[in-house]
Amino acid sequence: MTLSILANACMTADAREKVRGSKIASHVVSVVKHVSFGSTLHCRACRLIGNLSECDWHARSLCEVGAIQALVDLLQLDTNMQTYLMGVRAIRNIWGMHEGSREEILESGVISRITNLLVLAKEKLETGAKYSELVEACLKAMCAFLVTLDPRVGEQLRGEKDVQGYKCIVQCCNMNNKLAIKCLYNLCQIAECRPILGNFCAVESLIALIKDHSELSKETLAILCLFCREAVNRARIRMGSGLELMLSLLKDPENEKYHPMLLHALAQFVYDDPSMVIMVKHGLLDILVTRLQKMVTETIASEETNVSKKRGNDSPPNKQAELKYNKTNLGRFSSDYYRDDWSPGSATSVSSSPPSTPPLPFYDSIDNDESAEDNYSPVCSDTEMMDNEDEPQEEVESLKSCKSVTADAEESQHSEKGNKSSICEYANVWTLVLLSRLSHSDDPIERLVDPSTIKALSAYIRYAKNPRASRILTRIIRNGAYLMPLLKQGFVFEAQTLYGSEQYTRQLCALAETGGAIGEFTSILLRGEEAHKLVIAVSIPFLIKSRYILKSLLISYGGLPLIFRVLTDRQHSLYENAIGSICRLASTLQIQPDVLDKCQIVDTASTDFPRVYDNHPKPATVTFELDDGTTVDACRHTLCQKSDAFSAMLEGNFSESGKKRVKLRNTSKEGLNTLLLAANGATFENRSIESLLDAVLLADKFLMADLSDILTESSIAKLNYKNFSRAWNWARVNSCHELKTCCVKSFLTATMSRPERVQAFQDFSGSGSFQEFLEEVKEIVNSVLCQR
């Protein structure tokens, strides 16, 4: 009765503090060692030890007076179930509260004894439900022992013969025992234990357990993922439909919180060809595409966040996790054994395998903390009392003491929250690892180059500029089997906009100029579907460099008319790409604008002057009256000095000589003003292209050779995407054929961005002479293509 009262009192921290410094520890241990009044007394003594051990100070005191050895000896005896319960609980609490006790507990072999008790209780559970308490107590203790992940704990949990301990744990998992599942999870984190557990159907049991229960458990999934680390267990997962199960979970958005863990597990199968075939067959590509799309969204959101922080003058923290991986070969061995224990190569050997997996986050058991349940001392039945006295009802009820091992769970939860962002980044890594494995396949993989896959991968490369993703795309492009599917979906145009477009284009060109590809181009241009004909025709100038092959495909097999058909349809989806295509063709053919002399622009200028009449006084300023009635004032002296024609007109024997107002025919005001600016040495570069060209005509008309050269050079230099069409139209109206051709060739070959090139072309298409422009482009390209 004294032991029972003390045990009840010591369930509270205040009572444990009051007996601190007393000899209670040595007395209760002495009772266990030396007093033998039957199992009832031992049970209550163990109960008191267990409750005292809820305090680290008392746990240490109990160890110092030999409590561990006393409990070990007691558990070796053939006693009743309640004594076993209290003894196991006491050992568990001491282990949890006093780390200094763990080495002694390990060396004592008591963990093996507790394992044997579990096996015994599990066998008798079929005959009597009362043994379920002992099963729970043993499993709870095992969970506490396994927190350290010490291989010696795993070794003792095997049992004395035939690995009965592992078998029993797996059997309890089959019954959906949460403690057994948690114990199995902790056990599976010890790499040496997993192959043995796999031999006893642990993998098959887990797969069945996950399939049979609608509510997923994070710990069961984590165990299955841990089993993916050994080749022998990967084979069991593959044969047991585990891959299909994991893929189905990855397809379900409701299980998104488990996706990083599952991707991590699937990444272990990258060198298992049969497994890869199964995964591809059951929708791996759909999962990876969905993941890529999410990664793009995350990248864009991250960029927007960084931009907003910069605008707010906040220095953004470096969020890029430092991912350091221990590169190992994942072929035959477990990926988390120590390298010296299993690696077939030296520590300096180089492997092309994906990075080794980082440790999985510890299972978060804070929601279902089983460690505190039944953390009490059952009271012996009436028949076990000395005088068969009835126990008080308060003692008969299940009494709950303080939680004993929740500290580790809380610490694990905190650690998992801290690593949440890193785990998401790991998921991105595993996504790329799996996609990289598919890209390495020599045999074409169905749907790897579907538009959905390529668009998602391209978008991720565009926003994240991830070099691994770029290498994946390069490997896909390098495979000749994927060339035509890529071209038919217009990938060559997408490649022009991606970071590192040169390497993608180079790979495509290398494949496109092979005999097989040329044959396929020819076949499509002659007999393909209309949509395929157009996209291939527009793609050819981006892919082919040989003039002979270009002539064959574009002239002999009708590719060029198809490009011009698209150029005439502003609403066509390939319209902008066709503009880039014809310009790329001109660049490949090395078409260059001809160097213009001033006479080529001014060949239509008229030089007739009025006849001479009388001499008149000569005012300092002359006012020119133009055809539209506008006037322009100019310095008479400057004009006469710069131009023989004006000198003769204004100072010679002509009728205009000496007049203050002089009429000029066929002269534009803007052109004349530009000419006067040039004559006075003023700046005229900001004048419109039309006024510059008009000024060139006037300079030649009035025999101003020096100014004509300067204005001609300025006009040609001023040509750009904003005025190509205007200069071309001016040349057409003024019959300057060489300038027209120069404008067309300059448009085709000038360095411009894609939007600028499209804008320049649309300016041409907006004019009334667009067909004439297209015909001129076609004539220029044809003349070069058909040259021998």
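- Between Arg475 and Gln507, the side chains place no donor N or O within less than 3.5 Å of an acceptor N or O (distance only, hydrogens not considered).
- Side-chain contact check for Arg754 and Asn577: at least one donor-acceptor pair (N or O, by modelled atom type) lies under 3.5 Å.
- Judged by distance alone, with hydrogens and angles left aside, the side-chain atoms of Ser688 form a donor-acceptor pair with the main-chain N or O of Ser691 at under 3.5 Å.
- Applying the 6.0 Å contact sphere to CD of Glu779 captures no more than 12 heavy atoms from other residues, nucleotides or ligands.
- Defined by atom type and a distance below 3.5 Å, a donor-acceptor pair is present between the side-chain atoms of Thr497 and Arg462.
- By the 6.0 Å contact criterion, OH on Tyr557 is open, its count of non-hydrogen atoms from other residues, nucleotides or ligands being 12 or less.
- Closest of all the heavy-atom pairs between Ile591 and Ile780 is CD1-CG2, 3.8 Å.
- With Arg584 contributing its side chain and Pro541 its backbone, the two residues share no donor-acceptor pair below 3.5 Å.
- At distances below 3.5 Å, at least one donor-acceptor pair connects side-chain atoms of Thr741 with backbone N or O atoms of His737.
- Each of Ile477, Leu511, Leu448 was compared with Tyr482 under the side-chain contact (heavy atoms from CB on, under 4.5 Å) criterion, and only Leu448 meets it.
- A donor-acceptor pair under 3.5 Å is formed between the side chain of Glu513 and the backbone N or O of Lys545.
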Taking only distance into account, with no hydrogens and no angle test, what donor-acceptor pairs under 3.5 Å do side-chain atoms of residues 764-773 form with protein atoms, sequence neighbours excluded?
residue: Ser765; atom: OG; partner: Gln762; partner atom: O; Å: 2.8
residue: Ser767; atom: OG; partner: Phe764; partner atom: O; Å: 2.7
residue: Ser769; atom: OG; partner: Arg732; partner atom: NE; Å: 3.2
residue: Ser769; atom: OG; partner: Arg732; partner atom: NH1; Å: 3.4
residue: Ser769; atom: OG; partner: Arg732; partner atom: NH2; Å: 3.2
residue: Glu772; atom: OE2; partner: Lys740; partner atom: NZ; Å: 2.6

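- In terms of modelled atom types and a separation under 3.5 Å, the side chain of Thr749 and the main chain of Lys745 share a donor-acceptor contact.
- At least one side-chain heavy atom of Leu473 sits under 4.5 Å from a side-chain heavy atom of Phe491.
- No more than 12 heavy-atom neighbours from other residues, nucleotides or ligands sit within 6.0 angstrom of CD on Glu529.
- Within 6.0 Å of NZ on Lys257 lie no more than 12 heavy atoms contributed by other residues, nucleotides or ligands.
- Between Gly559 and Ala537, the shortest heavy-atom contact is O-CB, 3.6 Å.
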Determine all donor-acceptor pairs shorter than 3.5 Å in which one atom belongs to a side chain in residues 720-728; sequence neighbours excluded.
residue: Asn720; atom: OD1; partner: Lys722; partner atom: N; Å: 2.8
residue: Asn720; atom: OD1; partner: Asn723; partner atom: N; Å: 3.4
residue: Asn720; atom: ND2; partner: Lys718; partner atom: O; Å: 3.4
residue: Asn723; atom: OD1; partner: Asn720; partner atom: N; Å: 2.8
residue: Asn723; atom: ND2; partner: Lys718; partner atom: O; Å: 2.9
residue: Arg726; atom: NE; partner: Glu690; partner atom: OE2; Å: 3.0
residue: Arg726; atom: NH2; partner: Glu690; partner atom: OE1; Å: 3.1
residue: Trp728; atom: NE1; partner: Glu776; partner atom: OE1; Å: 3.1

Exercise for review: Any chance you could lay out the salt bridge (charged side-chain N to carboxylate O under 4.0 Å, His left out) test for Asp450 and Lys455, step after step, and finish with the verdict?
Suggested key: CA-CA 9 Å; Asp450 274 9; Lys455 286 180 180 178; over 6 Å; no

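- Without hydrogens or angle criteria, His259 side chain to Asp252 main chain gives a donor-acceptor distance under 3.5 Å.
- Using modelled atom types, one side-chain atom of Thr297 and one backbone atom of Gln293 make a donor-acceptor pair closer than 3.5 Å.
- Of the possible donor and acceptor atoms, none in the side chain of Thr505 sits under 3.5 Å from a partner among the backbone N and O of Glu502.
- Of all heavy-atom pairs spanning Val433 and Val270, the tightest one is CG1-CG1, 3.9 Å.
- In this structure a side-chain-to-backbone donor-acceptor pair under 3.5 Å is present from Ser470 to Asn466.
- Summarising the local packing, OH of Tyr499 is surrounded by 12 or fewer heavy atoms from other residues, nucleotides or ligands at distances under 6.0 Å.
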Practice item. Test salt bridge (charged side-chain N to carboxylate O under 4.0 Å, His left out) on Asp273 and Arg437 and set out the steps. Key: CA-CA 10 Å; Asp273 290 341; Arg437 172 62 179 85; 2.3 Å; yes

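- One N or O on the side chain of Ser458 and one on the backbone of Ile454 form a donor-acceptor pair closer than 3.5 Å.
- Cation-pi check for Lys778 over Phe564 is met; the charged atom lies under 6.0 angstrom from the ring centroid and within 45 degrees of its normal.
- The closest side-chain heavy-atom distance from Asp694 to Glu670 is not below 4.5 Å.
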